[in-house]
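Working notes, beginning with the structure itself.
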Amino acid sequence: MIDLERIRSAPQEVRANLERRGDSRFLELFESVRTSDETWRQVHGEADRLRRRRNELSRVLAEARKQGEAREAERAEAAEIPAALDTLEARETLLQETRDQALLRLPNLMDPTVPVGKDDTENVVVSRWGEPPARSFPRLGHAELAEALGGADFERARRQSGAGFYYLLGDLALMDLALQRFALDLLVERGFVPVLPPLALHRKPYEGVVDLGDFENVMYRVEGEDLYLIATSEHPLVARFAGEILEEESLPLKFVGLSQNFRKEIGGHGVDQKGTFRVHQFSKVEQVVFCAPEDSPRLHEELRANAEEVFRRLRVPYRVVNVCTGDLGTVAAKKYDIEAYFARQEAYREVVSCSNCTDYQARRLKIRMGKAGRPDKLVPHTLNSTAVATSRGLAVILENYQQEDGSLVVPEVLRPYLGGRERLGPGPRGAV
RNA sequence: GCUGAGGUAGCCUAGCCUGGUAGGGCGCCGGUCUUGAAAACCGGUGGCGUUCCGCCUCGGGAGUUCAAAUCUCCCCCUCAGCGCCA
């Protein structure tokens with residue numbers, strides 16, 4: 001959430017930033033924060049003065065009791081206070097709740113380098129790597145090839161679990177694990193601490209890391225429990241330190257999370273299309289960083305470079321886009337997407353999302369940095385980036401590495417994880 | 001799930017029976033002293049506000065009272081033992 005202090009001290013600057021998002025609801029929320037905060041401060045002051053008087057009288061009466069005096073006037077005045085204070089405190093609480101709820105719904109302030117645009121068609125390409133392969137033969141879609149190789153069962157998954165779920169089988173199951181392990185090893189080598197997180201979180205910590213609308217549109221809730229299945233390991237990794245003070249000298253903290261991810265994807269398109277591209281469940285290796293505010297732009301570039309390295313080593317062509325104002329989510333101040341080239345679709349599709357969330361998540365979660373017991377504490381920044389999501393990683397490999405004879409060449413960097421196999425299918429040495 | 005013990009500031013702990021400004025220790029920061037450091041001593045060490053001042057904070061909420069860490073009720077969480085269990 002946005003620092004309330006910043007809204008008070010530089011309201012026009014904050015307002016102008018919110019205006020760039022082009023959604024008038026945010027401006028209404030902003031005004032609601034300002035007016036309720038102003039009134040709250042008045043009422044809070046009044047209540048403070050009344051409590052002060054009560055404390056004064058309380059001291060007088062305590063002293064009087066010791067001396068055996070009656071002090072009827074003071075006692076009568078003190079007896080008036082609770083009712084008056086109740087009224088004021090009720091207003092105080094209501095105003096504070098109004099303010100905080102509006103504040104919680106305000107999106108993060110955007111970095112000045114975020115390009116202006118209405119939606120994802122106006123994201124700005126900032127770099128490219130690799131050449132799209134020549135169109136030498138008619139390619140199968142990734143789902144068709146996966147089935148032909150005996151590496152996936154979409155039909156029965158749909159029957160038992162519904163569209164958006166899948167069985168991975170045989171060598172493709174192993175390749176999914178190979179992708180995870182490949183990305184994990186790369187990041188561990190670069191100093192990230194691997195984490196296998198809980199796959200469900202309570203609502204309270206979850207509210208700290210996502211847009212509140214995600215509870216309806218994205219997350220699966222466990223019936224009868226205060227538990228939500230995670231949509232990405234970013235969520236448990238960031239929420240892990242809620243309410244804590246991070247030792248300044250220990251920053252930046254770098255983690256690589258590995259988990260299954262669950263998403264309802266309500267309102268999205270393509271869940272009903274066969275395949276693994278847009279699904280309700282997938283594995284993902286995710287980078288998460290906590291750092292000092294001044295370091296976050298540098299680390300954002302570092303996370304992006306790591307994610308790019310994953311696709312370079314897989315030899316999958318890609319481009320990087322700077323996500324524009326109209327397409328940026330609630331939480332990020334700046335976001336790069338990496339879009340890989342899918343040879344069958346002959347199009348770039350999103351495979352990585354790399355965000356600098358600045359202090360937005362940390363402030364919601366009450367994470368601070370500094371020395372325990374010292375007052376000069378700051379709010380750290382959090383960043384996250386996909387390293388690889390296997391659902392899309394497998395899909396792009398199936399499209400790009402497929403051969404005219406219906407076999408699939410294994411990307412060189414994955415071979416060590418697949419017993420040296422260079423090719424899957426067709427025929428007896430095939431997948432299943 | 002059952003029983004018991006707990007929850008006090010960054011950490012540990014006293015206060016609770018008997019209501020009246022939450023005390024001490026550790027750690028950390030600053031100061032005195034020192035060539036430097038340690039030790040010793042002094043001060044500081046949470047949140048909010050209209051910040052030379054005041055208010056709030058003892059797991060959360062409600063109640064009794066002029067006044068609640070303290071008394072009453074409800075809830076949450078942690079730990080230990082037992083039960084169940086991959």
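Hydrogens, waters and symmetry mates are skipped; everything else that's a heavy atom, side chains included, is used. Just so we're on the same page: letters track the sequence lines, and every chain starts at 1.
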Any N/O pairs under 3.5 Å between the protein and nucleotides 51-53 of chain B? List them or say none.
none

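- Counted by atom type alone, A:R20 and A:T325 present zero donor-acceptor pairs between their side chains at under 3.5 Å.
- Applying a 4.0 Å cut-off to non-hydrogen atoms, the residues of residues 30-46 of chain A that approach RNA chain B are A:W40, A:R41, A:Q42, A:H44, listed by residue number.
- Residues passing the ring-ring contact (aromatic ring centres under 6.0 Å, His included) test with A:H300 are A:Y336, sequence neighbours excluded.
- A distance of about 25 Å separates the P atoms of B:rC11 and B:rU21, rounded to the whole Å.
- For the side-chain contact (heavy atoms from CB on, under 4.5 Å) test, residues two or more places apart in sequence or in another chain that qualify with A:R105 are A:L29, A:Q101, A:L212.
- Legend: ring pair (Phe, Tyr, Trp, His ring centres under 6.0 Å) pairs involving residues 25-72 of chain A, not counting sequence neighbours, sorted by first then second residue: A:W40-A:H44.
- In RNA chain B, stems built from 3 or more consecutive Watson-Crick or G-U wobble pairs, each with both distances under 3.5 Å, span B:1-7 with B:76-82, B:10-13 with B:23-26, B:27-32 with B:40-45, B:46-49 with B:53-56, B:59-63 with B:71-75.
- Across B:rG6 and B:rC58, the matching C1' atoms stand 14 Å from one another, rounded to whole Å.
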Anything under 3.5 Å between a protein N or O and an N or O of nucleotides 19-23 of chain B, put it in a table, one pair a line.
{"from": "B:rG20", "atom 1": "N7", "to": "A:R65", "atom 2": "NH2", "distance (Å)": "3.4"}
{"from": "B:rG20", "atom 1": "N2", "to": "A:S58", "atom 2": "O", "distance (Å)": "3.4"}
{"from": "B:rG20", "atom 1": "N2", "to": "A:S58", "atom 2": "OG", "distance (Å)": "2.5"}

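- Residue A:P82 places its side chain closer to B:rA67 than to any other of B:rC56, B:rG10, B:rA67.
- For the pair A:I397 and A:L179, the minimum side-chain heavy-atom distance is below 4.5 Å.
- As rounded to the nearest Å, B:rU70 and B:rU65 have P atoms that lie 16 Å from one another.
- Rounded to whole angstrom, the span from the CG atom of A:L50 across to the P atom of B:rU50 amounts to 18 Å.
- Note: CG (A:L85) to C1' (B:rA68) measures 15 Å, nearest angstrom.
- With hydrogens and angles ignored, a donor-acceptor pair closer than 3.5 Å exists between the side chain of A:D48 and the base of B:rG54.
- Look at CD on A:E92: it is 14 Å from P on B:rC48, rounded to the nearest Å.
- Rounded to an integer number of Å, the gap from CD1 of A:I81 to P of B:rA68 is 12 Å.
- For A:A200, the side-chain contact (heavy atoms from CB on, under 4.5 Å) partners two or more places apart in sequence, or in a different chain, are A:L227, A:L229.
- Rounded to whole Å, the separation between the C1' atoms of B:rA5 and B:rG23 comes to 24 Å.
- Applying the side chain to side chain donor-acceptor pair (under 3.5 Å) rule to pairs touching residues 30-39 of chain A yields A:R8-A:D37, A:R15-A:E31, A:D37-A:R99, sequence neighbours excluded.
- Pairs passing the ring pair (Phe, Tyr, Trp, His ring centres under 6.0 Å) check and including a residue from residues 230-251 of chain A, sequence neighbours excluded, read A:Y206-A:H235, A:F241-A:F290.
- Computed from coordinates, the A:L4 CG to B:rC48 P distance equals 10 Å when rounded to whole Å.
- Among the heavy atoms of the strands lying under 4.0 Å from A:R368 are primed sugar atoms or P, OP1, OP2 only; no base atom is included.
- Sorted by first then second residue, the ring pair (Phe, Tyr, Trp, His ring centres under 6.0 Å) pairs that include residues 153-179 of chain A, not counting sequence neighbours, are A:F165-A:H280.
- Protein atom CG of A:L95 is 14 Å distant from nucleotide atom P of B:rU50, rounded to whole Å.
- A distance of about 41 Å separates the P atoms of B:rU34 and B:rC48, rounded to the whole Å.
- Take the nearest nucleotide of RNA chain B for A:N55 and for A:H202: the residue whose nucleotide is more 5' is A:N55.
- Taking the side chain as every heavy atom from C-beta outward, A:R21 and A:L328 approach each other to under 4.5 Å.
- A:F282 does not carry A:R392 over the face of its six-membered ring by the limits of under 6.0 Å from the centre and within 45° of the normal.
- One P atom belongs to B:rC33, the other to B:rC28, and the distance between them is 22 Å to the nearest Å.
- B:rA67 and B:rU3: their C1' atoms are spaced 37 Å apart (whole Å).
- With no hydrogens or angles considered, no side-chain donor-acceptor pair links A:E339 and A:Y318 at under 3.5 Å.
- For the OP1/OP2 pair of B:rC56 and a distance below 4.0 Å, the side-chain nitrogens and oxygens of A:R54 include at least one atom meeting the criterion.
- Side chains of A:T113 and A:K334: a donor-acceptor N/O pair is present below 3.5 angstrom, by distance only.
- Remark: A:F311 engages no residue in a ring-ring contact (aromatic ring centres under 6.0 Å, His included) (not counting sequence neighbours).
- One atom, CD1 of A:I245, and another, C1' of B:rC29, lie 14 Å apart when rounded to the nearest Å.
- For the 3.5 Å distance criterion, the side chains of A:S283 and A:Q260 qualify, holding a donor opposite an acceptor.
- Nearest-nucleotide positions on RNA chain B place A:R99 closer to the 5' end than the other of A:R99 and A:A78.
- The distance between atom CZ of A:R203 and atom C1' of B:rC76, rounded to the nearest whole Å, is 18 Å.
- A:E302 and A:N306 share no side-chain donor-acceptor pair at under 3.5 Å.
- Spacing of P atoms, B:rC56 relative to B:rA38, comes out at 40 Å, to the nearest Å.
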